[in-house]
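Structure, as structure tokens:
Lettering follows sequence order; numbering is per chain, from 1.
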Protein chains: 2
Amino acid sequence: MKSLHKVSRILDCFSAEEPRLGLNDIAEKTGLPRTTVHRVLSSLKDIGLIVQDRNRDDYRLGLRFLSIGGIILSDLDVPRHAREPAAALMHQTGEAVHICVFDGGNVVSIDRHEMDGNRNEIVRQEREPPYCTGTGKAILAALPDETARKLVVKEWKKFTENTITQEDRLFHELAIIRARGYSVDDEERQNGIRCVGAAIRHQARVVGAISVTGPKQRFPESRIPVLADLVTATAARIGLSIEQG
Amino acid sequence: MKSLHKVSRILDCFSAEEPRLGLNDIAEKTGLPRTTVHRVLSSLKDIGLIVQDRNRDDYRLGLRFLSIGGIILSDLDVPRHAREPAAALMHQTGEAVHICVFDGGNVVSIDRHEMDGNRNEIVRQEREPPYCTGTGKAILAALPDETARKLVVKEWKKFTENTITQEDRLFHELAIIRARGYSVDDEERQNGIRCVGAAIRHQARVVGAISVTGPKQRFPESRIPVLADLVTATAARIGLSIEQG
DNA sequence: CTGCCTATTCCGGTATGTGGAACAAGGAAG
DNA sequence: CTTCCTTGTTCCACATACCGGAATAGGCAG
């Protein structure tokens, strides 16, 4: 179904940085003819996935995506079971904790617990490239190589000096992660930020990942294994609580 | 684009109650031939909007919806600006407060602040039929009749004795809401539950709604206007804070 | 008013999606 | 183990629904 791939490319144009786009922007980004883009957008408007305030205004993503997102959230085990252990991990380590979920094709960050005085604020739903984050690499490493390879076909964007941008480099690292049971993101996504992650499993299937994140100074080599123990224990605890329903 | 309407009908099959469906379920619900459903689902799988754990397993909505939902959330003004006033309203009234957003086509509930001891818990993203809730009716009433009519074409499900199931009844009520500036849901969605709502406007455009909800006993006729004053004031305050960026 | 930029409509050819029918793959029952 | 039945999946010839270049309409700035 070719038309749906066009839909996909068009949806890909939207991002948190550019949530509103004109027809020509989209045509240019996708390389599709303007007419075709217009027809697809027009149909997406019909079904509520795209919204245009007035004719000749920019296009935006429709709230129907949020509504559908709500259905997914209510069906996911990870967010429910992870919240409490994640908060505990945050207090144990004093560092920010990320939770993300995995459905076999996408890695999506759904919760972030941050130390903010004594309270923990929850921010939701951000996009995460799978090859350059602690959680993403933990998930990739927990999958068979073949499956993992399908998830990294996208473009390799270099966020920092340390970002991995070669497939064989990545799979070498995944092997290490597999062996020791946790992943480390050493300033690969953002300068000055390190991160230790582990996959969450449910009935032998990878369903998500958890990680602690913080400034390099607070994450010396010596502390990594200590954090890793806590992270993997929390990941296991979450997995276990899911098993029990 | 006919195929996208099929996509829409297929997506509509999924709900919080039935987040996982088999091919035949979907074919039956939509009335589409099994082969067609299979082809569409297969393509939706390709682009990450639908997920199937293993071949011959049930189909589920893909996490990409969540990821896209995150983009929308970050672009919406209402959630950011409404949280604080909504919490204040909850404490003023001692009742649960709902926030929903509107994009010209869909009404989606995004926040619910509930009195739970002294803490307020935030639950997110539920689906709301627009004709039978305080927030939904407040939004419909804030729109020109013609626009509102386009939003209520769907089926009229009778949730309780009081649910409005006739278009002229609804528009009669909308006129009243328009005149007095707030909406009342008198056990129209759920027995024993009343609710007072008002639309949130941003630059003369309706962008959402806010409401207080509670058991009938705590919402006598005499209290409604009192609550309405607080709700409309809060709605206006939210609208104002959006204007200012 | 004029020029230039958008979004939108038109239309004939053909690629693209269509859906009935046949096929495989598990699961349940005997 | 075998049989039967239900489920998802593949095949293929047909015709329809999509394609995209070119022309149109509508807004905004100068």
Side-chain angles (χ1 to χ4, degrees), chain A residues 1-14 18-62 75 103-105 146-147 150 203-205, chain B residues 1-15 17-62 75 103-105 146-147 150 203-205:
Chain A
M1 212 138 167
K2 220 167 177 178
S3 55
L4 282 190
H5 285 119
K6 292 182 188 166
V7 168
S8 178
R9 286 162 69 185
I10 289 176
L11 292 179
D12 266 335
C13 296
F14 295 90
E18 297 184 290
R20 294 151 187 257
L21 295 168
L23 181 60
N24 282 341
D25 300 329
I26 300 174
E28 195 180 348
K29 274 175 191 265
T30 56
L32 294 167
R34 287 215 307 278
T35 310
T36 301
V37 173
H38 181 263
R39 183 160 11 88
V40 174
L41 284 172
S42 182
S43 300
L44 286 172
K45 255 175 23 178
D46 287 346
I47 63 174
L49 294 182
I50 287 285
V51 163
Q52 192 181 22
D53 287 331
R54 292 168 308 209
N55 276 21
R56 30 199 65 245
D57 255 12
D58 279 356
Y59 294 93
R60 290 161 27 218
L61 296 162
D75 183 41
D103 69 357
E146 193 197 347
T147 313
K150 288 180 192 158
Q203 287 170 359
R205 180 172 302 162
Chain B
M1 212 142 168
K2 219 168 175 180
S3 54
L4 281 190
H5 286 134
K6 292 181 186 166
V7 168
S8 178
R9 284 162 69 185
I10 289 176
L11 292 179
D12 267 334
C13 295
F14 295 90
S15 65
E17 293 75 38
E18 297 184 289
R20 294 150 187 260
L21 295 168
L23 182 63
N24 283 340
D25 301 328
I26 299 174
E28 195 180 347
K29 274 175 190 265
T30 57
L32 295 167
R34 286 215 311 278
T35 311
T36 301
V37 173
H38 181 262
R39 182 160 13 88
V40 174
L41 284 171
S42 183
S43 300
L44 287 172
K45 253 173 31 177
D46 287 346
I47 62 174
L49 295 182
I50 287 285
V51 163
Q52 191 181 23
D53 287 332
R54 291 168 308 212
N55 278 21
R56 28 198 66 246
D57 255 12
D58 279 355
Y59 293 93
R60 290 162 25 218
L61 296 162
D75 183 42
D103 70 357
E146 193 198 347
T147 313
K150 288 180 191 157
Q203 288 170 359
R205 180 172 302 162

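- Checking Leu11(B), Asp12(B), Leu32(B), Ile10(B) one by one against Ile26(B), the side chain to side chain contact (heavy atoms under 4.5 Å, CB included) holds for a single residue, Ile10(B).
- We find that CZ of Arg34(A) is positioned 15 Å from C1' of dC19(D), with the value rounded to whole Å.
- For the pair Ile26(B) CD1 and dT7(D) C1', the computed distance is 13 Å after rounding to whole Å.
- In this structure, Asp58(B) places its CG atom 10 Å from C1' of dT7(D), rounding to the nearest Å.
- Nearest heavy atom pair, residue Ala27(B) against residue Val37(B), reads CA-CG2, 3.8 Å.
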Could you run down nucleotides 14-19 of chain C 5' to 3' and tag each one B, S or - for protein heavy-atom contact under 4.0 Å? --SSBB
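- Atom pair Ile10(A):CD1 and dA7(C):P shows a separation of 13 Å (rounding to whole Å applied).
- Between Thr30(B) and Cys13(B), some side-chain heavy-atom pair lies under the 4.5 Å cut-off.
- Proximity of Gln52(B) to the phosphate of dT9(D): a side-chain N or O atom is located under 4.0 Å from OP1 or OP2.
- Whole-Å rounding puts the Leu41(A) CG to dG20(D) C1' distance at 15 Å.
- Of the side-chain N and O atoms in His38(B), one or more sit less than 4.0 angstrom from OP1 or OP2 of dT9(D).
- When the P atom of dA7(C) is taken as reference, atom OH of Tyr59(A) falls 7 Å away, rounded to whole Å.
- Going from atom NE2 of His5(B) over to atom C1' of dT16(D) covers 17 Å, rounded to whole Å.
- Taking five base pairs at each end of the helix from dC1(C)-dG30(D) to dG30(C)-dC1(D) and finding the rotation axis that steps the C1' atoms of four pairs onto the next four gives two axes whose angle is 50°, to the nearest 10°.
- The shortest distance between side-chain heavy atoms of Ser15(B) and Glu18(B) falls below 4.5 Å.
- When the P atom of dT7(D) is taken as reference, atom CG of Leu21(B) falls 13 Å away, rounded to whole Å.
- Closest of all the heavy-atom pairs between Tyr59(A) and His38(A) is OH-CD2, 3.7 Å.
- A close approach under 4.0 Å does occur between a side-chain nitrogen or oxygen of Asn24(B) and OP1 or OP2 of dG8(D).
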